[in-house]
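Chain letters run A, B, ... following the sequence lines, proteins first and then strands; every chain starts at 1.
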Amino acid sequence: MKKDINEKLMHIYRLLYAKNGSRNWWPADTRFEVIIGAILTQFVSWKNVTTAIDNLKNENILSIKGICEADDGRLEELIRSTRFYKQKARRLKEFCFHVKNNYNGDLDFFFSKDMYDLRRELLSLYGIGEETADSIILYAAQKPIFVVDAYTRRIFVRLGFFKEEIKYREMQEFFMENLEHDVQLFNEYHAQIDGVGSHYCYGKKPVCNECPLDNMCLFEKRITKEKRKDC
DNA sequence: GCCCAGGGGGCTC
DNA sequence: GAGCCCCATGGG
């Protein structure tokens with residue numbers, strides 16, 4: 001771990017934490033709900049997801065058994081608010097059947113695997129890509145993997161750490177090479193990024209004046225003078 | 001009416 | 001592997 005990079009990353013973390021406090025992520029009652037939320041939130045705002053999760057709760061099918069036994073059309077209807085609902089209904093079903101058929105429906109059993117074995121297995125399932133897999137590993141299985149997303153890219157490109165075309169794994173490796181592997185730190189760091197991500201962009205729009213990272217935009221060499229005025 | 005939002009699969013070359 | 005299209009709701 002490079003000490004100077006670690007200190008920069010921790011400085012950013014502390015600025016965000018000082019402003020927002022703990023964000024208590026992930027917003028869910030159970031780890032199964034975390035998993036369902038991770039799949040449903042793909043390319044959609046969280047508000048749309050809460051509608052769907054409430055529907056599943058009200059219908060009393062927010063469980064592996066419940067999803068497995070649910071009628072396909074009914075399931076689609078309940079999660080309609082999350083966009084791409086037909087695909088997502090299939091994703092939920094396939095995840096639940098995987099755990100049911102291979103782990104006797106037992107998430108403890110499923111999550112007892114080595115972290116990277118678990119990651120490979122999740123990635124093999126339909127509809128689970130890197131971000132979704134990592135969210136499940138960190139927030140449901142409580143194993144120390146760093147979750148990156150579009151907001152992480154946006155902010156750290158703007159701050160000058162990454163080029164815009166950086167790959168998911170490269171971003172993830174950067175954080176994991178330069179931060180202590182700690183579930184609580186990884187949990188809160190990603191949550192903090194999420195909390196300010198919507199205020200950031202690559203330079204097209206002004207950043208939020210309230211954001212504690214504004215004065216760090218000077219790290220971003222590719223932002224023009226004109227755009228820098230936004231900071 | 002239009003634009004955009006925290007992704008992933010599948011196809012092509 | 002990169003580039004492209006598909007999926008198809010809800011809020012501002």
Side-chain angles (χ1 to χ4, degrees), chain A residues 12-13 16 20 23-28 33-56 67 72-98 118-140 145-159 161-175 186-208 211 213:
Chain A
I12 290 168
Y13 173 73
L16 293 171
N20 302 315
R23 304 198 69 233
N24 296 314
W25 261 34
W26 182 292
E33 193 178 320
V34 172
I35 296 165
I36 299 304
I39 293 171
L40 294 182
T41 198
Q42 293 166 353
F43 227 73
V44 69
S45 64
W46 183 251
K47 196 172 180 184
N48 294 30
V49 178
T50 57
T51 306
I53 292 203
D54 288 345
N55 288 343
L56 296 174
I67 299 281
D72 288 356
R74 183 63 185 151
L75 183 58
E76 288 172 5
E77 206 49 45
L78 294 171
I79 64 167
R80 193 184 185 87
S81 63
T82 65
R83 207 177 172 202
F84 317 131
Y85 57 88
K86 290 189 178 179
Q87 287 187 345
K88 286 180 178 175
R90 183 181 156 203
R91 291 172 188 187
L92 296 185
K93 282 252 176 188
E94 296 211 2
F95 175 86
C96 290
F97 273 108
H98 181 78
L118 178 59
R119 189 176 199 273
R120 271 189 291 277
E121 191 163 328
L122 285 166
L123 289 176
S124 75
L125 299 178
Y126 175 76
I128 298 189
E130 294 191 291
E131 186 184 335
T132 309
D134 291 335
S135 297
I136 291 170
I137 293 168
L138 178 63
Y139 291 105
I145 204 152
F146 199 91
V147 180
V148 299
D149 62 0
Y151 286 167
T152 314
R153 180 192 306 272
R154 202 182 282 187
I155 291 172
F156 284 85
V157 165
R158 181 143 188 148
L159 295 179
F161 284 88
F162 304 141
K163 292 178 180 170
E164 205 164 321
E165 54 275 15
I166 189 171
K167 294 185 179 69
Y168 184 100
R169 282 306 291 272
E170 292 170 336
M171 281 196 287
Q172 182 175 56
E173 280 165 14
F174 177 80
F175 286 100
F186 285 179
N187 175 320
E188 192 68 57
Y189 209 132
H190 177 70
Q192 291 294 337
I193 288 170
D194 172 76
V196 297
S198 62
H199 299 303
Y200 276 80
C201 63
Y202 296 114
K204 292 174 190 167
K205 291 183 283 188
V207 294
C208 171
C211 183
L213 299 184

Name the nucleic acid region contacted by A:Ile39, choosing base, sugar-phosphate or nothing; use a 4.0 angstrom heavy-atom cut-off, strictly under.
->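 The answer is nothing, as A:Ile39 stays clear of every strand by at least 4.0 Å.
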Check every strand shown and say whether A:Leu125 touches a base, only sugar-phosphate, or nothing at a heavy-atom separation below 4.0 Å.
->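 Sugar-phosphate only.
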Whole-angstrom distance between [N] and [M], as gauged at atom [atom1]:
N     : M      : atom1 : value
B:dG1 : C:dG11 : C1'   : 14 Å
B:dA5 : C:dC7  : C1'   : 14 Å
C:dA8 : B:dC2  : C1'   : 16 Å

Using the six-membered ring of A:Tyr126, assess whether NZ or CZ of A:Arg90 lies under 6.0 Å from its centre and within 45 degrees of the ring axis.
->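 Here A:Arg90 passes the 6.0 Å and 45° test against A:Tyr126.
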Please state how far atom [atom1] in [X] lies from atom [atom2] in [N], giving the value in whole angstrom units.
X        : N      : atom1 : atom2 : result
A:Tyr126 : B:dG10 : OH    : P     : 6 Å
A:Lys167 : B:dG7  : NZ    : P     : 18 Å
A:Leu40  : B:dG8  : CG    : P     : 13 Å
A:Arg154 : B:dG6  : CZ    : P     : 7 Å
A:Ile136 : B:dG7  : CD1   : C1'   : 12 Å
A:Glu130 : B:dG8  : CD    : C1'   : 11 Å
A:Lys88  : B:dG6  : NZ    : C1'   : 10 Å
A:Trp46  : B:dC4  : CH2   : P     : 24 Å

Per-nucleotide protein contact string for nucleotides 6-12 of chain C, where B marks a base within reach and S marks sugar-phosphate only (heavy atoms under 4.0 Å, - for neither) | -BBBS--
Using purine N1 to pyrimidine N3 plus N6-O4 or O6-N4 for Watson-Crick, or N1-O2 and O6-N3 for G-U wobble, each under 3.5 Å, what pairs with C:dA2?
->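 Partner of C:dA2: B:dT12.
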Identified pairing partner of C:dG11, criterion: Watson-Crick or G-U wobble below 3.5 Å =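 Checking every strand shown, C:dG11 finds its partner in B:dC3, with both distances under 3.5 Å.
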If every non-hydrogen atom of A:Gln172 is compared with every non-hydrogen atom of A:Arg119, which pair is closest and at what distance?
->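 Smallest interatomic distance, heavy atoms only, reads OE1-NH2, 3.5 Å.
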Verify the ring-centre separation between A:Phe156 and A:Phe175: is it less than 6.0 angstrom?
->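 Yes, ring centres under 6.0 Å apart.
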Test A:Asp194 against A:Arg23 for salt bridge (Lys or Arg N to Asp or Glu O under 4.0 Å), laying out the working first.
-> CA-CA 10 Å; A:Asp194 172 76; A:Arg23 304 198 69 233; 3.2 Å; yes
Let me know, please, whether A:Leu123 or A:His190 comes out on the 5' side of the other along DNA chain B by nearest nucleotide.
->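 Between the two, 5'-proximity favours A:His190.
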Decide yes or no on side-chain hydrogen bond (donor to acceptor under 3.5 Å, both in side chains) for A:Tyr168 and A:Asp149, but give the supporting numbers first.
-> CA-CA 8 Å; A:Tyr168 184 100; A:Asp149 62 0; over 6 Å; no
A:Arg83 versus A:Gln42, side-chain donor and acceptor atoms under 3.5 Å =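 On atom types as modelled, these side chains do not qualify, holding no pair under 3.5 Å.
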Would you mind telling me which of A:Trp25, A:Tyr151, A:Trp26 makes a ring pair (Phe, Tyr, Trp, His ring centres under 6.0 Å) with A:His190?
->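 When ring pair (Phe, Tyr, Trp, His ring centres under 6.0 Å) is applied between A:His190 and each of A:Trp25, A:Tyr151, A:Trp26, only A:Trp25 qualifies.
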